[in-house]
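Take a look at the structure below.
Ligands are counted one by one from 1 in listed order, and the atoms in each one are counted from 1 as well.
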Amino acid sequence: MAVHAGRPARTPGAPVGPGIELSSTYVQDGPVSYGREDNETWRAFEAAVGELEGGQAVAFSSGMAAVAAVMETLPVGGRVSVTPDAYHGTRRFLEERMPRLVVSDDSPDLVWVETPSNPMMAVTDIAAVVRASACPVAVDNTLATPLLQRPLDLGADVAVHSATKLLSGHSDLLLGVAVARTDEWAAKLRERRSRHGAVPGPFEVWLALRGLRTLPVRLERSSASAVVLAERLGGHPAVEQVRYPGFGSMLSFDVRGGAAAADAAVARLAVVVPGTSLGGVESLIERRHKWPGEAAVPPGLLRLSVGLEHVEDLWADLAAALG
Ligand code: PLP
């Protein structure tokens, strides 16, 4: 699916991959009239992500635009129950919208699950949440990707991604996507995209689809390395605790000695890049506590996004940095 979904029809002479459609407007009386509503390059990417997630995908200009579009389908005063350690941008968005949106576990209108959570790597049982919820359930599937977890199959109504991360995979663009289980949800999301104008650029979408083609091999490699690194870090005397969900390419670990020791270790790294974000071909590391809104994260916690470097190069770098 990752390799073939969203390709043009196989007619003689047709291109094997979609082009980049750069047009803001269209000749009247056709299926598309204006570039804020639809675009052929979006459709190719959306077809591919939709097939992978098992629903209808709607692309947005960033992950946060996709998050906002789902949240803003709620009426004024709508109540959202959210994973307590969800991505800080999602929590800040909700906090800043109050009282237009209310964060509450009491009779919610929407349950927002992020699993594994970023950066604590807490895992939530999506099917159990769906069974226990009387309202729609949305899942931020950024860290697992549809290759490791398909929220819609588990009963969720929407799966959301920062496609900036693993789906595109090269740290060279910002993009979001929300995948709906029903026509009704897909229509609501498309309507939000058009009204808010949080539309992606066709070039970014084309790059993301190009990156998506290799997601299975990238994820296989980075997950295999993450398993090895999680185990070795767990046995390292400078590491207090490793947080690894047992799958995927992301892990966090707490450095003994707290913030100063963690910062000193990061400063000694030569291969792993100190930087925010995740899911690129290059390994990235960050001490998350320093972000506003991440006060609950242990000060010495380092989040590691495992990339495609050789696992022994990564381990040698981490072991030398930890001393
Ligand atoms: N969801 C998760 C889990 C994330 O990690 C991020 C970004 O780091 C977002 C959503 C927001 O995505 P974007 O940065 O593409 O707006």
Side-chain angles (χ1 to χ4, degrees), residues 45 49 53 57-72 80 82-97 110-124 126 138-146 148-149 151 156 158-179 189 192-193 196-201 204-205 207-208 211-212 219 222 243 245 247-252 273-280 282 284-294 297 301-307:
F45 174 73
V49 176
E53 282 284 15
V58 182
F60 290 86
S61 53
S62 68
M64 277 315 300
V67 171
V70 175
M71 300 287 190
E72 296 201 334
V80 187
V82 59
T83 303
D85 59 345
Y87 171 58
H88 71 103
T90 302
R91 287 184 285 110
R92 277 185 77 181
F93 172 85
L94 285 169
E95 282 155 19
E96 287 165 14
R97 287 294 171 288
L110 176 74
V111 174
W112 186 273
V113 179
E114 184 179 302
T115 180
S117 64
N118 176 10
M120 298 297 277
M121 305 296 148
V123 173
T124 301
I126 296 171
V139 176
D140 187 326
N141 203 22
T142 300
L143 265 60
T145 85
L148 300 177
Q149 167 173 285
V158 187
V160 175
H161 286 271
S162 168
T164 309
K165 319 293 188 199
L166 279 146
L167 295 189
S168 61
H170 294 73
S171 307
D172 53 7
L173 59 91
L174 281 133
L175 194 71
V177 63
V179 193
L189 293 169
R192 290 291 88 199
R193 178 174 64 185
H196 290 183
V199 293
E204 280 76 7
V205 174
L207 277 176
L212 186 69
L219 192 59
S222 56
R243 303 162 196 271
F247 58 90
S249 58
M250 295 295 301
L251 60 96
S252 295
V273 181
T276 198
S277 201
L278 57 102
E282 68 295 316
L284 286 167
I285 198 161
E286 190 182 35
R287 191 167 69 76
R288 291 297 288 183
H289 180 87
K290 61 187 175 196
W291 284 93
E294 294 282 51
V297 172
L301 179 144
L302 294 178
R303 186 189 70 188
L304 176 65
S305 168
V306 180

Atom 3 (C) of ligand 1: the protein heavy-atom neighbour that sits closest, reported with distance to 0.1 Å: D140 OD2, 3.5 Å
Whether R193 side chain and A59 backbone form a donor-acceptor pair below 3.5 Å: yes
Ionic contact status for E294 with R91, cut-off 4.0 Å: yes
Nearest-neighbour protein heavy atom for atom 5 (O) of ligand 1, which is reported as residue plus atom name and distance: N118 ND2, 2.9 Å
side-chain contact (heavy atoms from CB on, under 4.5 Å) evaluation trace for T276 with R303: CA-CA 9 Å; T276 198; R303 186 189 70 188; 4.1 Å; yes
T124 side-chain N/O to T115 backbone N/O, donor-acceptor pair under 3.5 Å: no
G63, any N or O under 3.5 Å of ligand 1 N or O: yes
For E114, atoms of ligand 1 separated by under 4.0 Å from a heavy atom: 3 (C)
Backbone of S168 reached by a side-chain donor or acceptor of H170 within 3.5 Å: yes
Atom 15 (O) of ligand 1 - nearest protein heavy atom and its distance: T164 OG1, 2.6 Å
Gap between atom OG1 of T142 and atom CE of M250 - 0.5 Å precision: 10.5 Å
Closest to atom 4 (C) of ligand 1 (judged by heavy-atom distance), picking from F93, Y87, F60: Y87
The one among K165, M64, M250, R303 that brings a heavy atom closest to atom 7 (C) of ligand 1: K165
